[in-house]
> 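One structure is given below, represented as structure tokens, and several questions about it will come after.
All values derive from a computational prediction rather than experimental measurement. Side-chain atoms are counted along with the backbone in the values below, which use heavy atoms only and exclude waters and symmetry mates.
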Amino acid sequence: QVQLVESGGGSVQAGGSLRLSCAASGYAVSTYYINWGWFRQAPGREREGVAAIDSDGRTAYADSVKGRFTISKDNAKNTLYLQMNSLKPEDTAMYYCAAELRLRPWLGLNPDEFNYWGQGAQVTVSD
């Protein structure tokens with residue numbers, strides 16, 4: 001069972017920056033390939049993929065955040081990060097980290113394909 005705990009959310013003015021962290025535990029690194037993802041959900045909208053990174057460090061981003069957000073991971077600390085720069089009011093949402101364990105490398109941004117989720121961290125961007 002994988003446990004994920006996010007931190008680092010908050011409120012910021014447009015143009016500002018925030019960094020989200022996601023601490024992971026409860027999985028056997030040597031057994032599985034792990035695809036990590038950040039997702040967000042605004043009120044009244046579906047959950048959408050923001051960024052993903054696989055076991056080999058390959059990354060994928062939603063078009064809306066390319067060039068502004070950066071996903072990274074620290075394998076030694078079992079921690080996933082999302083650096084968010086040039087934030088816009090439309091980035092306001094609850095942000096979730098997620099993980100998917102497979103027996104071969106895989107990279108994706110479809111939330112339906114992730115089985116393990118954190119509790120979420122609120123990000124609010126004001127004008």
Side-chain angles (χ1 to χ4, degrees):
Q1 187 75 14
V2 179
Q3 292 86 43
L4 303 172
V5 180
E6 297 104 336
S7 60
S11 298
V12 65
Q13 288 190 322
S17 298
L18 285 173
R19 189 177 80 158
L20 301 178
S21 299
C22 176
S25 61
Y27 59 93
V29 176
S30 61
T31 302
Y32 297 101
Y33 290 95
I34 304 173
N35 185 54
W36 304 95
W38 285 101
F39 299 82
R40 65 186 182 187
Q41 188 167 20
R45 303 188 65 176
E46 293 187 353
R47 189 169 297 188
E48 63 175 350
V50 175
I53 186 167
D54 72 1
S55 297
D56 294 329
R58 297 180 302 162
T59 58
Y61 293 93
D63 288 341
S64 59
V65 306
K66 282 181 181 177
R68 301 188 298 122
F69 290 11
T70 302
I71 188 171
S72 62
K73 59 187 176 76
D74 185 328
N75 292 329
K77 296 181 179 180
N78 292 334
T79 301
L80 180 72
Y81 301 100
L82 184 68
Q83 178 66 43
M84 303 182 291
N85 297 329
S86 302
L87 282 161
K88 304 175 181 180
E90 52 263 43
D91 294 318
T92 296
M94 185 72 78
Y95 283 71
Y96 300 88
C97 67
E100 169 67 7
L101 278 61
R102 297 194 178 182
L103 296 177
R104 58 183 176 86
W106 169 76
L107 181 66
L109 274 174
N110 183 348
D112 293 336
E113 294 182 297
F114 285 76
N115 287 316
Y116 300 99
W117 293 85
Q119 82 284 359
Q122 178 67 38
V123 171
T124 302
V125 185
S126 58
D127 286 323

> Is any side-chain heavy atom of E48 closer than 4.5 Å to a side-chain heavy atom of Q41?
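No - every pair of side-chain heavy atoms lies 4.5 Å or more apart.
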> Are any of the side-chain heavy atoms of Q119 and V5 separated by less than 4.5 Å?
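Contact flag for Q119/V5 side chains = yes.
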> Could you tell me whether E46 atom CD has more than 12 heavy atoms of other residues or ligands within 6.0 Å of it?
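For E46, atom CD is not crowded (no more than 12 foreign heavy atoms under 6.0 Å).
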> I'd like to know whether R47 forms a side chain to side chain contact (heavy atoms under 4.5 Å, CB included) with M94, so could you lay out the CA-CA distance, the side-chain angles of the two residues, the decisive distance to 0.1 Å, and finally the verdict.
CA-CA 9 Å; R47 189 169 297 188; M94 185 72 78; over 6 Å; no
> Identify whether the distance between the nearest side-chain nitrogen and carboxylate oxygen of K66 and D63 falls below 4.0 Å.
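Yes.
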> With side chain to side chain contact (heavy atoms under 4.5 Å, CB included) as the criterion, how do Q83 and L20 come out once you've worked through the C-alpha distance, each side chain's angles and the decisive distance to 0.1 Å?
CA-CA 6 Å; Q83 178 66 43; L20 301 178; over 6 Å; no
> Evaluate the side-chain proximity of I71 to Y81: yes if any heavy-atom separation is below 4.5 Å, no if none is.
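With C-beta onward as the side chain, the pair stays apart.
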> Go through the steps for S126 and Q13 under the test side-chain hydrogen bond (donor to acceptor under 3.5 Å, both in side chains), then give the verdict.
CA-CA 5 Å; S126 58; Q13 288 190 322; 4.9 Å; no
> What are the two closest heavy atoms between D127 and P89, and how far apart are they?
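Where D127 meets P89 most closely, the heavy atoms are OD1-CG, 2.8 Å.
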> Just jot down the side chain to side chain contact (heavy atoms under 4.5 Å, CB included) partners of L18, sequence neighbours excluded, or say none.
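Checked L18 against side chain to side chain contact (heavy atoms under 4.5 Å, CB included); matches are V12, M84, L87, V123.
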> Give a yes or no on whether N115 atom CG has more than 12 heavy-atom contacts from other residues, nucleotides or ligands under 6.0 Å away.
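Atom CG in N115 is crowded, with more than 12 foreign heavy atoms closer than 6.0 Å.
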> Minimum heavy-atom separation for A93 to A42, with atom names?
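Closest pair (atom of A93, atom of A42, distance): CB-N, 3.9 Å.
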> Passes side chain to side chain contact (heavy atoms under 4.5 Å, CB included), V50 versus F69? Steps please.
CA-CA 9 Å; V50 175; F69 290 11; 3.6 Å; yes
> Is there a donor-acceptor pair under 3.5 Å between the side chain of T79 and the backbone N or O of K77?
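Confirmed, T79 side chain pairs with K77 backbone.
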> Identify the heavy atoms of S17 and N85 that sit nearest to each other, and give their distance.
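Shortest heavy-atom separation between S17 and N85 comes out as OG-OD1, 2.9 Å.
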> Is there a side-chain contact between W36 and L4 (heavy atoms, below 4.5 Å)?
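In short, these two side chains touch, coming nearer than 4.5 Å.
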> Are the side chains of T92 and Q122 in contact, using a 4.5 Å heavy-atom criterion?
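Side chain of Q122 against side chain of T92, heavy atoms only: contact under 4.5 Å found.
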> Mark yes or no: R40 above the aromatic ring of Y96, with NZ or CZ under 6.0 Å from the six-membered ring centre and no more than 45 degrees from the axis.
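Negative - R40 is either too far from the ring of Y96 or too far off its axis.
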> Quick one: which of L109, L107, L101 gives a side-chain contact (heavy atoms from CB on, under 4.5 Å) with N35?
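Among the candidates, only L107 passes.
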> Using modelled atom types only, decide if a donor and an acceptor are shared between the side chain of E6 and the backbone of A121 within a distance under 3.5 Å.
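Not a single qualifying donor-acceptor pair exists.
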> My understanding is that only residues two or more places apart in sequence, or in another chain, count here; which of them pass salt bridge (Lys or Arg N to Asp or Glu O under 4.0 Å) with E100?
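By the salt bridge (Lys or Arg N to Asp or Glu O under 4.0 Å) rule, E100 matches R102.
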> So which pairs with a foot in residues 72-127 pass disulfide bond (SG atoms under 2.5 Å apart), sequence neighbours left out?
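Sorted pair list: C22-C97.
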> Listed by chain and number, what are the ring-ring contact (aromatic ring centres under 6.0 Å, His included) partners of F114, not counting sequence neighbours?
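ring-ring contact (aromatic ring centres under 6.0 Å, His included) check on F114 returns F39, W106.
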> According to a hydrophobic-cluster definition based on side-chain heavy atoms being under 4.5 Å apart (Ile, Leu, Val, Met, Phe, Trp, Tyr only), do W117 and Y95 belong together?
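Result: no, two separate clusters.
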> Indicate yes or no: at least one non-hydrogen side-chain atom of L82 is less than 4.5 angstrom from one of T70.
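Side chain of L82 against side chain of T70, heavy atoms only: no contact under 4.5 Å found.
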> Scan residues 49-61 for pairs that pass side-chain hydrogen bond (donor to acceptor under 3.5 Å, both in side chains), counting only residues two or more places apart or in two chains.
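For residues 49-61, and leaving out neighbouring residues, the side-chain hydrogen bond (donor to acceptor under 3.5 Å, both in side chains) pairs sorted by first residue read D54-R58.
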> Please enumerate all residues that pass ring-ring contact (aromatic ring centres under 6.0 Å, His included) together with W38, with sequence neighbours excluded.
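W38 satisfies ring-ring contact (aromatic ring centres under 6.0 Å, His included) with no other residue.
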